[in-house]
Amino acid sequence: MSKPAPENALDHVVVVMFENRSFDNLLGRLYEPGEVPSFEGVIGKDLSNPVPEWVEHGDGAVPYSVSPTMNTPDPDSGEEFPHINTQLFGILDEGNLGVYQPESSFNAPSDGQRPTMDGFVADYINVLLATLGRQPTRDEYAQIMMGYSPEQMPVMSALARGFATFDHWFCDVPTCTFPNRSFFHAGSSSGYVVNMTPADSFPAHNSAETLFERLESAGLTWKVYCDPPSHYSLTGIIHAPRLHDRFATNFVSTSQFFEDAESGRLPTYSFVEPQIIGWNHNDMHPPFAGSLTASAAQDEVGGVESVHFDPPSSLIAGEDLLARIYEAIRGSSSATGSNHLNTTMLVTFDEHGGTYDHVPPPPAIPPQASAEPGQFGFAFDRAGVRVPTLAISAWIPERTVVSDTYLGTSLLATMRERWNLGAPFTARDASAASFARVHSLSAPRPQEDWPAVTPRPVPEMPEELFELDAPLGDLGYALVSGAVALARSFGKSVPDTKPDPSMPGEQALAHEALGDVFPLLRGER
């Protein structure tokens with residue numbers, strides 16, 4: 001192994017992107033006040049959200065508290081643009097009460113209006129009203145003001161304390177999955193603000209140049225690693241117009257990641273996607289089809305008569321995946337290629353998914369200053385909500401808290417700086433800060449000085465209980481719609497999908513439709 005140097009800390013970058021959690025939700029209790037010089041958490045603060053007057057079961061405010069289970073909020077909270085507007089500004093337009101997907105007004109703030117962060121309870125009550133068809137109880141809607149303790153999230157917390165935590169890292173767009181993931185790798189979402197409206201929006205029309213192409217142009221390498229049993233990649237679907245000819249070469253299973261890490265063959269850039277939908281998803285996403293809305297599966301396997309669609313907790317399963325990836329990097333000691341001395345691991349989330357956070361997002365630079373507003377008239381001039389983000393490297397001191405403002409597009413800024421990848425992709429990543437400076441040690445930490453992590457055991461659930469014909473929910477439907485649109489663009493014959501997230505059978509359809517589109521993922525378990 002060559003003599004280590006801090007300038008080699010970013011020779012290999014591994015990003016693990018989970019789903020739909022805010023900073024307060026997972027890391028708000030990481031440090032007590034005064035334990036570190038600066039930390040924007042929840043302890044010692046009087047944080048709450050008001051209960052709207054139109055709610056039948058409740059009054060006053062809901063305080064922030066610790067979740068008693070590993071599956072809150074259950075069911076899933078609102079993550080699309082109109083819901084985020086309500087959460088951040090407390091605005092619920094007339095006619096949107098009891099409506100999950102507004103079609104004419106989007107609860108948008110006026111120009112220059114500052115976020116108050118006091119509409120999370122109001123929005124979650126409205127989501128439950130729309131999905132349940134009734135007013136929720138206080139116990140049901142109070143879930144949105146809950147988060148987790150370090151004891152509940154032992155892997156995330158150990159890594160956060162053991163390396164660097166960014167307590168002002170925001171996603172780029174105040175909305176859902178696809179736009180934020182597109183910004184992360186391209187600095188733009190081609191004007192789209194929601195996942196799949198229309199269904200072929202991203203897989204057919206997202207023309208934004210990507211980091212992957214810049215890396216190739218510079219003679220550098222990359223892979224997208226998808227955790228089984230995924231037969232398709234979100235990244236591939238989102239950037240299909242630019243990356244479709246790499247589907248058979250650069251999109252592989254996480255089983256390949258562990259081989260590459262051990263042998264020192266990690267590429268310059270690795271992007272890891274957890275299992276997003278389907279039984280036993282490990283993306284940390286809240287339950288897709290909550291116990292209040294989904295019909296319980298009926299089966300007698302192992303004496304189980306009725307199960308929730310989402311067990312075990314995707315937080316527990318996600319921590320297990322995170323621990324395995326971390327230990328693979330920690331243990332990598334190849335004398336050539338990638339190893340623990342020249343690899344930086346970034347753990348982040350695509351967006352907050354409707355879970356509560358108390359820090360107002362900052363204004364943001366639009367990707368193209370002269371462009372027309374995007375969907376719903378949004379100018380892309382404000383960032384999304386804070387998300388948990390960690391940097392892990394031998395060159396980072398333990399208990400580091402970085403309080404400067406970062407965006408998801410800071411990944412682009414960092415990679416452009418490290419590898420001289422040329423001009424900014426857009427004005428957004430031109431304004432984003434590089435996180436290279438977090439590598440502040442003059443000598444690396446030996447592997448034995450890295451924290452040991454022990455994930456909570458993931459309950460083994462019989463696969464027979466989780467057929468791929470369960471209801472999808474909104475994110476699942478968006479993903480399947482994109483998958484089918486992409487498969488159709490490859491000339492595959494697939495049935496039409498229905499505009500209904502409660503439809504059965506579509507997960508199996510997506511797996512079958514894309515089985516040959518991403519050939520290196522086919523058959524992985």
Under 3.5 Å, is there a donor-acceptor pair between the His340 and Gln447 side chains?
yes

Between Glu80 and Thr175, is any side-chain donor less than 3.5 angstrom from a side-chain acceptor?
no

Set of salt bridge (charged side-chain N to carboxylate O under 4.0 Å, His left out) partners for Arg386, sequence neighbours left out
Asp24, Asp357

Could you tell me whether Arg330 and Glu327 have a side-chain N and a carboxylate O separated by less than 4.0 Å?
yes

Can you find a side-chain donor-acceptor pair between Asn195 and Thr177 that sits under 3.5 Å?
no

Under the side chain to side chain donor-acceptor pair (under 3.5 Å) rule, collect the residues that match up with Glu273, sequence neighbours excluded.
Ser233, Thr235

Quick one: list whatever passes salt bridge (charged side-chain N to carboxylate O under 4.0 Å, His left out) with Arg181, sequence neighbours left out.
Glu19, Asp350

State, with a plain yes or no, whether a side-chain heavy atom of Pro287 is found less than 4.5 Å away from one of Asp76.
no

For the residue pair Asn282 / Asp320, report whether a side-chain donor-acceptor contact shorter than 3.5 Å exists.
no

Residue set satisfying side-chain contact (heavy atoms from CB on, under 4.5 Å) with Ser67, at least two apart, ordered chain then number -> Thr69, Thr72, Met146, Tyr148

With Thr343, which residues qualify under side chain to side chain donor-acceptor pair (under 3.5 Å), at least two apart?
none

Donor-acceptor pair, side chain of Thr426 and main chain of Ser188, under 3.5 angstrom:
no

Between Glu319 and Arg324, is the closest basic N to carboxylate O distance under 4.0 Å?
no

Ring-ring centroid check Trp169 Tyr406, cutoff 6.0 Å
yes

In this structure, is the centre-to-centre distance between the rings of His352 and Phe23 below 6.0 Å?
no

Pairs touching residues 108-126 that satisfy salt bridge (Lys or Arg N to Asp or Glu O under 4.0 Å), sequence neighbours left out:
none

Could you report the tightest heavy-atom contact between Arg428 and Gly187, atom names first, then the distance?
CB-O, 4.0 Å

Exam field: side chain Ser338 to backbone Leu266, donor-acceptor pair closer than 3.5 Å:
yes

For Phe183, which of Phe380, Tyr192, Phe170 qualifies under ring-ring contact (aromatic ring centres under 6.0 Å, His included)?
Phe380

Which pairs, with at least one residue in residues 434-445 and sequence neighbours excluded, count as a salt bridge (Lys or Arg N to Asp or Glu O under 4.0 Å)?
Asp404-Arg437, Arg445-Asp449

Where do Ile91 and Asn107 come nearest, in terms of heavy atoms and distance?
O-CB, 3.4 Å

Classify the angle between the aromatic ring planes of Tyr356 and Phe120 as parallel (below 30°), tilted (30 to 60°) or perpendicular (above 60°).
perpendicular

May I have all residue pairs that pass salt bridge (Lys or Arg N to Asp or Glu O under 4.0 Å) and include part of residues 141-165, sequence neighbours excluded?
Glu35-Arg161

Return yes when atom CD of Gln135 has more than 12 non-hydrogen atoms of other residues, nucleotides or ligands closer than 6.0 Å, and no otherwise.
yes

Run the numbers on Tyr124 and His83 for ring pair (Phe, Tyr, Trp, His ring centres under 6.0 Å), then give the verdict.
CA-CA 9 Å; Tyr124 194 51; His83 295 284; over 10 Å; no

State yes or no: are the ring centers of Phe349 and Phe18 separated by less than 6.0 Å?
yes

Residues passing the side chain to side chain donor-acceptor pair (under 3.5 Å) test with Asp59, sequence neighbours excluded, are none

By side chain to side chain donor-acceptor pair (under 3.5 Å) - contacts of Glu32 (at least two apart)
none

Results of salt bridge (charged side-chain N to carboxylate O under 4.0 Å, His left out) for Arg138 - residues two or more places apart only:
none

Can you list the residues that meet the side-chain contact (heavy atoms from CB on, under 4.5 Å) rule with Gln256, with sequence neighbours excluded?
Lys223, Tyr225, Val252, Glu259, Asp260, Arg265

Heavy-atom pair with the smallest gap, counting every atom of Leu128 and Pro136
CD1-CB, 3.6 Å

Consider only side-chain N and O atoms of Asp172 and Thr409, and report whether a donor and an acceptor are under 3.5 Å apart.
yes

